[in-house]
Amino acid sequence: MSETHDKTIVCRCEEITVEDIRSCIAKGFDSFDEIKRVLRVSMGPCQGRGCKDIILREISAAKKMPIADLDPGTVRPPVKPIKIGVLAYGEEAGK
Amino acid sequence: MSEKRTADAIIVGGGVHGAAAAYYLAKAGVKDVVLFERKYLSSGGSGRSAAGLRQHFGTEVNCRLAKYNLECFPTLEEDLGGELNLEFTQWGYLWVAYADSVLNQLQKNVNVQQSLDIPSVMMTGDEIKKKWPYFNTNEIVGGAFCHMDGHINPQTLTMAYGYAAQKLGARVFHYRPVEKLLAEGGKIKGVVVDGEEWHAPRVLLTAGPWSTPLAKTVGLDLPVEPERHNLLVTEPVEVFECPMVLCLDDGAYFKQLPNGSFFLGRDDQDEPRTTEVGNSAKFLEGVTKSVLKRFPGLAGVRVIHQWSGPYDVTPDHQAIIDWTPIEGLWVNCGWSGHGLQFGPSGGRLAKEMFFGEKTFVDIHNFRLSRFAEGDLFPEPAFI
C-alpha cells in the first residue's frame with residue numbers, strides 16, 4: 001500500500017483522495033470534524049457512510065491514537081436524503 | 001508537556017469573533033496571543049450559522065460595520081493565505097414583506113442604508129416576480145433588496161482566521177475549554193484551563209452564549225442568553241444563483257450555496273433556550289411546508305441533513321462590545337443571530353480597543369452599561 005501520493009478516492013460525493021486527507025491532517029486540521037469542514041467529506045448525499053471509517057483510520061495512523069479515542073463527529077437526521085415535497089406533504093403528495 | 005502559560009492577550013472562544021481578533025492582534029504585532037476553544041474552531045454558533053452577508057440593518061452603526069465587512073470579504077480568502085475556500089458569493093439578499101407595516105419598516109431601514117451609500121432598493125411584488133419568476137409572489141406586498149449582499153462559508157471563514165493567526169505566531173488551542181476567568185483586586189489576571197492558570201493582562205471574551213457563565217466566574221453579569229435555531233441543507237442542484245430570501249411572515253428563509261445546495265431555515269419560538277444542539281423533528285415539516293409555498297420548484301430536491309445552533313441574544317438584539325468594569329477584561333458577544341458576518345469588523349475593533357485607538361466606527365451604542373441605564377437601542381432588522 002502506497003503511503004504517499006495516493007490518489008485513491010476516499011469521498012465519492014466530493015471526489016477527495018487519500019492524499020487530500022493526509023495533506024489536510026498535516027496542515028493541522030487533524031480531527032474528523034475539522035477535515036469534514038475543510039474538505040466537505042461526509043457532507044454529501046452519503047453523509048459519511050462511504051468515507052468516515054477510512055478518514056478515522058487516517059487520523060488514527062497520523063496521530064498514533066486508537067480509533068476508539070477519536071471523536072467521530074455527529075450523525076444528523078434524516079438518515080437518508082428525503083425530498084422536500086415528501087417532508088412537507090407525505091409520500092403520495094411528494095410524487 | 002511544558003508550555004508557556006503567560007500571554008499578552010488571551011482570547012476565550014474560537015468562533016469567528018475570537019479567531020478574527022487573534023488574527024488582527026497578531027497582524028498588528030502583538031507577540032503572544034493565545035486563543036482557547038472548547039472544541040474546534042467554528043464549533044459553536046459561528047459554524048452553525050446560515051452565514052448570510054447583508055448590509056440591511058436599521059441602525060446606523062450596524063450599517064457602517066456591515067459596509068466594512070462587505071469591503072473585506074471579496075479579498076479575504078487571499079488575505080488569510082488562500083489555504084481554505086471561503087465560498088464567498090454576492091447573489092443578493094431579499095427581505096420580503098407580507099404586511100404594510102412590515103414594508104414601512106423595510107423602507108425606514110433602506111433609508112438609513114441609502115444615506116450611507118449602501119445600494120439597497122425597495123421592490124414591488126411585480127418587480128420581484130419579474131426578476132425571479134420561480135418565486136410565488138402571491139400575498140407579497142413588497143421587499144427590500146441589496147445586490148452586493150451574499151454568503152460565505154461560516155466554518156472555513158472561522159478556521160481561516162485561526163489558521164492565519166497561527167501563521168503570524170498566535171497560539172490557537174483546540175479542545176481546551178476555559179473553566180473560569182481569574183480576577184484579583186478588580187483586575188483580570190487570566191483564565192483556568194485544564195486546572196492550570198494562564199496569566200495575561202488582557203482577556204477578550206468572545207464565547208457567544210457561553211460568555212454569560214464564564215463572565216459570572218468573575219462576578220460579571222452579561223444579559224446574553226442562548227436561543228436555539230435550526231437549519232437544513234439539501235443535495236446540490238444546478239446553480240442558478242438564487243439569492244438569500246427572508247420571508248417576514250413566519251421567518252422562513254432559503255438561499256442557494258455556491259455548490260448548488262440550498263439552505264432552508266425558519267424561526268420557531270418554541271425552541272428551547274439552550275446551547276445544547278439537538279435536532280427538532282418538527283422543524284423539518286414546518287420549514288419545508290413554508291418554503292415550498294414560496295418556491296414550489298424545490299419539491300423534488302432532497303434534504304441531506306439538519307442541525308441546530310445557538311444564537312447569543314441580548315434584550316435589544318444588539319452586540320455588546322466594550323471594556324468591562326473588571327480592568328483588562330473586554331467582551332464582544334451578544335450578536336443575537338447576525339454575528340457571523342461581523343467577524344471582520346469585530347476583529348478590527350478588538351485590535352483597536354487593545355491598543356486604545358479610536359475605533360473606526362463609533363461603538364458607544366454597544367456599551368455594556370446601556371442595560372443598567374435603560375438606554376437600549378433595538379435593531380429592527382434582526383432574524
Side-chain angles (χ1 to χ4, degrees), chain A residues 11-16 20-21 23-52 55 59 62-63 65 69-95, chain B residues 39-43 47 81 83-85 87 153-160 162-163 166-167 172 174-175 230-237 254 257 259 261-262 264 277-281 283-293 295-308:
Chain A
C11 162
R12 282 178 287 188
C13 300
E14 299 286 339
E15 298 189 359
I16 300 296
D20 295 330
I21 302 285
S23 109
C24 187
I25 294 172
K27 278 179 196 159
F29 302 112
D30 59 1
S31 66
F32 180 77
D33 274 319
E34 287 166 296
I35 297 169
K36 171 179 169 181
R37 283 157 182 80
V38 171
L39 295 179
R40 307 189 64 88
V41 290
S42 131
M43 282 189 178
C46 96
Q47 287 290 287
R49 270 184 211 82
C51 61
K52 187 182 259 189
I55 294 165
I59 301 170
K63 297 181 81 175
M65 279 170 71
D69 292 350
L70 300 175
D71 182 347
T74 312
V75 178
R76 303 177 201 279
V79 174
K80 278 185 150 182
I82 303 175
K83 286 182 180 172
I84 291 176
V86 174
L87 283 166
Y89 298 109
E91 190 72 50
E92 286 307 308
K95 276 179 185 164
Chain B
K39 290 185 81 183
Y40 52 90
L41 295 183
S42 86
S43 60
E83 291 278 352
L84 296 171
N85 182 359
E87 299 175 23
N153 181 320
Q155 300 169 339
T156 51
L157 170 68
T158 306
M159 293 166 99
Y163 197 65
Q166 259 176 314
K167 289 217 156 167
V172 177
H174 299 187
Y175 293 94
N230 294 274
L231 199 54
L232 69 76
V233 66
T234 71
E235 63 185 339
V237 294
F254 55 91
L257 308 178
N259 74 331
S261 292
F262 269 80
L264 274 56
V277 290
N279 291 297
S280 302
F283 163 70
L284 286 180
E285 185 183 345
V287 71
T288 51
K289 272 192 173 146
S290 179
V291 170
L292 274 190
K293 267 197 306 190
F295 192 165
L298 288 177
V301 180
R302 290 175 179 83
V303 173
I304 287 188
H305 69 238
Q306 69 175 113
W307 68 95
S308 73

- Task: Decide whether B:Asn259 and B:Ser261 meet the rule of one side-chain donor and one side-chain acceptor closer than 3.5 Å.
- Result: yes
- Query: Non-hydrogen atoms of chain A under 4.5 Å away: do they reach the side chain of B:Gln155, the backbone, both or neither?
  - Reply: side chain
- Message: Using a 6.0 Å cut-off, check whether atom CZ of A:Arg12 has over 12 heavy atoms from anything other than its own residue.
- Response: no
- Query: Hey, does the side chain of B:Thr288 reach the backbone of B:Leu284 with a donor-acceptor pair shorter than 3.5 angstrom?
  - Reply: yes
- Item | Under 4.5 Å from a heavy atom of chain B, the part of A:Gln47 involved | side chain
- Message: Less than 4.5 Å to any heavy atom of chain A: does that hold for the side chain of B:Leu84, its backbone, both, or neither?
- Response: side chain
- Quick one: what part of B:Ser43 sits under 4.5 Å from any heavy atom of chain A, side chain, backbone, both or neither? neither
- Segment of B:Ile304 engaging chain A (4.5 angstrom heavy-atom cut-off): both
- Within-4.5 Å side-chain heavy-atom neighbours: A:Val79 and A:Arg49: yes
- Check whether B:Leu264 gets within reach of chain A through its side chain, its backbone, both or neither, counting any heavy atom under 4.5 Å. side chain
- Note on the structure: Most contact-rich option vs chain A, by heavy-atom pairs under 4.5 angstrom, among B:Glu83, B:Glu235, B:Lys39, is B:Glu83
- Does B:Gln306 use its side chain to pair, donor to acceptor, with the backbone of B:Ser280 at less than 3.5 Å? yes
- Message: At a heavy-atom distance under 4.5 Å, which candidate from A:Arg37, A:Lys80, A:Arg40, A:Lys27 has the highest pair count against chain B?
- Response: A:Arg37
- Query: Measuring from A:Ile84:CD1 to B:Lys289:NZ, what's the distance to the nearest 0.5 Å?
  - Reply: 14.0 Å
- Top of A:Pro81, A:Pro77, A:Cys13, A:Pro45 for chain B proximity - count of heavy-atom pairs under 4.5 angstrom: A:Pro77
- Query: Checking heavy atoms, do the side chain of B:Asn85, its backbone, both or neither come under 4.5 Å from chain A?
  - Reply: neither
- Are the aromatic rings of A:Phe29 and B:Tyr40 close, with centres under 6.0 Å apart? no
- Item | Winner by heavy-atom pair count (cut-off under 4.5 Å) against chain A, out of B:Met159, B:Glu285, B:Gln166 | B:Met159
- With distance as the sole test, does B:Thr234 use its side chain to make a donor-acceptor pair with the main-chain N or O of B:Phe262 at under 3.5 Å? yes
